[in-house]
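Sharing a structure below in structure tokens format, with a few things to ask.
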Amino acid sequence: MTTLAQERESAPAPEIRRHELAAFLRSRRERIAPEQVGLPRGRRRRTPGLRREEVAQLSAVGVTWYTWLEQARDIQVSVQVLDSLARALMLDASERAHLFQLAGAVDPSPAQSCPSVTSSVRALLEQLEPVPASVQNDRYDIVAYNRTYGQLLCDLDTVPPEDRNCLILSHTNDDWRSSIVHLEEAQRLMAARFRAAMASHLGEPAWKMLLNRLREASADFRENWDRHEVVAHRTKRKEFVNRYVGRLTVDHTDLWLNPELGARMVTYVPADEETRERLERLHGIALAKAAGDLPAPSPLQAPSPL
């Protein structure tokens, strides 16, 4: 008489992966307390962690479909669903990679490495300081940045890698949004540039997933997207209000690293001497943060943004 373990060992590889995926999902579901995701515990709860229907609700998938996943049924799983499950189950980077590997899918997350971000490019980002600079792809994923940029619009180090996207941040992150002086114009132009870039990537999962997320998260984005406007990248003067040093006027320039992959270095060069001095102060604050000695923002520290 064979045991369950022996049956699994003799099973085909795809079936083994389905059982591993099912066990992994159950283990991650059972470790999350309802309170962690804003759900009431209730008096009659016997299930450790979350119930299946709660995971299905949080990830916007059908209860029956999710149950089949935990039963190791032979069903197809899209990258959009895997992304939603990773968020609902609060997976870290290693767990997320494991989830996609078990499902036999390629993770389109911006947290993946960018071939254009070499050690030389990272060194250049540091050499540009105090000028804020980052490396972005044509989806607006921020794949690398220097310390000044990390403190320019919000504390970017505290943002999960999968959320480090200028489109997402400008529509969902309050600190980022409040730092952009002409927010509505910036949102409209970004949507137009995103539409122009997406013409070369129609049908690609990462692009579809980002578009769906933005449409679900923001009525402003939906309105701008439905305009069907398209514009090309160009140098532009921008104004920000930084929480530490106040108002900044900078010239935005894109330095293309790999046109085929859409990777570019985004730089914000100070447009006046006052901004240059304030960026130098912001760089000092970023260094203090890196050393673990960053003060809390105070109206006494920062000059008036007006």
Side-chain angles (χ1 to χ4, degrees), residues 2-113 139 141 143 158-165 168 172 203-217:
T2 59
T3 65
L4 179 60
Q6 290 172 329
E7 290 178 358
R8 288 189 179 180
E9 288 178 1
S10 61
E15 184 177 344
I16 295 174
R17 282 202 302 270
R18 290 199 303 272
H19 282 282
E20 287 293 327
L21 176 61
F24 181 66
L25 288 172
R26 284 195 298 271
S27 69
R28 301 302 89 181
R29 169 171 62 85
E30 291 173 354
R31 72 173 183 173
I32 300 176
E35 296 86 353
Q36 289 180 266
V37 293
L39 295 174
R41 173 170 292 276
R43 296 182 178 180
R44 298 183 179 180
R45 180 178 293 270
R46 297 179 180 178
T47 303
L50 298 177
R51 300 187 178 100
R52 285 176 175 172
E53 57 267 27
E54 290 170 336
V55 174
Q57 176 187 351
L58 290 169
S59 54
V61 301
V63 177
T64 301
W65 190 91
Y66 179 76
T67 301
W68 286 349
L69 266 184
E70 285 203 7
Q71 291 175 344
R73 300 280 190 97
D74 187 6
I75 58 176
Q76 296 296 317
V77 190
S78 70
V79 294
Q80 290 89 347
V81 168
L82 291 172
D83 177 71
S84 295
L85 288 174
R87 296 177 189 279
L89 295 172
M90 304 168 66
L91 303 186
D92 62 23
S94 297
E95 293 168 335
R96 179 185 174 97
H98 186 61
L99 173 69
F100 276 80
Q101 186 173 25
L102 289 177
V106 177
D107 186 358
S109 166
Q112 300 300 298
S113 61
R139 287 199 308 269
D141 299 327
V143 294
T158 65
V159 176
E162 62 270 21
D163 292 339
R164 291 176 191 164
N165 175 285
I168 291 173
T172 64
E204 293 184 21
W207 289 76
K208 291 165 56 178
M209 191 168 69
L210 176 58
L211 176 60
N212 291 338
R213 183 179 177 188
L214 287 163
R215 289 187 64 89
E216 292 174 3

Would you say V55 and V61 make side-chain contact, with heavy atoms under 4.5 Å?
->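 Not touching, per the 4.5 Å side-chain cut-off.
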
Partner set under side-chain hydrogen bond (donor to acceptor under 3.5 Å, both in side chains) for Q36, not counting sequence neighbours =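 If we apply the side-chain hydrogen bond (donor to acceptor under 3.5 Å, both in side chains) test to Q36, skipping adjacent residues, there are no hits.
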
To the nearest 0.5 Å, atom OG of S78 lies from atom NZ of K208 at 8.5 Å

Evaluate the criterion side-chain contact (heavy atoms from CB on, under 4.5 Å) for residue pair L214 and T172; output intermediate values, then yes/no.
-> CA-CA 9 Å; L214 287 163; T172 64; over 6 Å; no

Inter-residue atom distance I32.CD1 - L91.CG, 0.5 Å rounding =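 The CG atom of L91 is 7.5 Å from CD1 of I32, to the nearest 0.5 Å.
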
Should the heavy atoms of other residues, nucleotides or ligands under 6.0 Å from CD of Q101 be counted, would the total exceed 12?
-> no

Gap separating the CZ atom of R96 from the CG atom of L82, nearest 0.5 angstrom | 8.5 Å

Closest heavy-atom contact between S84 and S59?
->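 Looking at all heavy atoms of both residues, the closest pair is CB-O, 3.4 Å.
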
Can you list every ring pair (Phe, Tyr, Trp, His ring centres under 6.0 Å) pair that touches residues 25-56, not counting sequence neighbours?
-> none

Does a salt bridge link E70 with R29, judged by any charged N lying under 4.0 Å from a carboxylate O?
->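 Here E70 pairs with R29 in a salt bridge, since their nearest N and O are under 4.0 Å apart.
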
Work out which heavy atom in R213 is nearest to a heavy atom in I168; give both atom names and the distance.
-> NH1-CD1, 3.2 Å

Shortest non-hydrogen separation from L69 to A22 and the atoms involved = O-CB, 3.4 Å

Partners passing side-chain contact (heavy atoms from CB on, under 4.5 Å) against Q76 (at least two apart in sequence or in another chain) =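 Q76 satisfies side-chain contact (heavy atoms from CB on, under 4.5 Å) with no other residue.
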
Pairwise distance CG(L89) to CZ(R31) - rounded to 0.5 angstrom = 7.5 Å

If you round to the nearest 0.5 Å, how far is CG of L58 from CZ of R87?
->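 The distance works out to 13.0 Å.
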
Backbone N/O of R139 and side chain of N165: donor-acceptor pair under 3.5 Å =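 Answer holds: yes.
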
How many angstroms lie between CZ in R73 and OG1 in T64, if you round to the nearest 0.5 Å?
-> 9.5 Å

Applying ring pair (Phe, Tyr, Trp, His ring centres under 6.0 Å), which residue pairs with at least one partner in residues 23-75 are found, sequence neighbours left out?
-> F24-H98

Please say which of D141, V159, V143 ends up in a side-chain contact (heavy atoms from CB on, under 4.5 Å) with R164.
->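 Looking at D141, V159, V143, the match for R164 under the side-chain contact (heavy atoms from CB on, under 4.5 Å) is V159.
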
side-chain contact (heavy atoms from CB on, under 4.5 Å) with D92: which residues, sequence neighbours excluded?
-> S94, E95

A60: partners by side-chain contact (heavy atoms from CB on, under 4.5 Å), with sequence neighbours left out | none

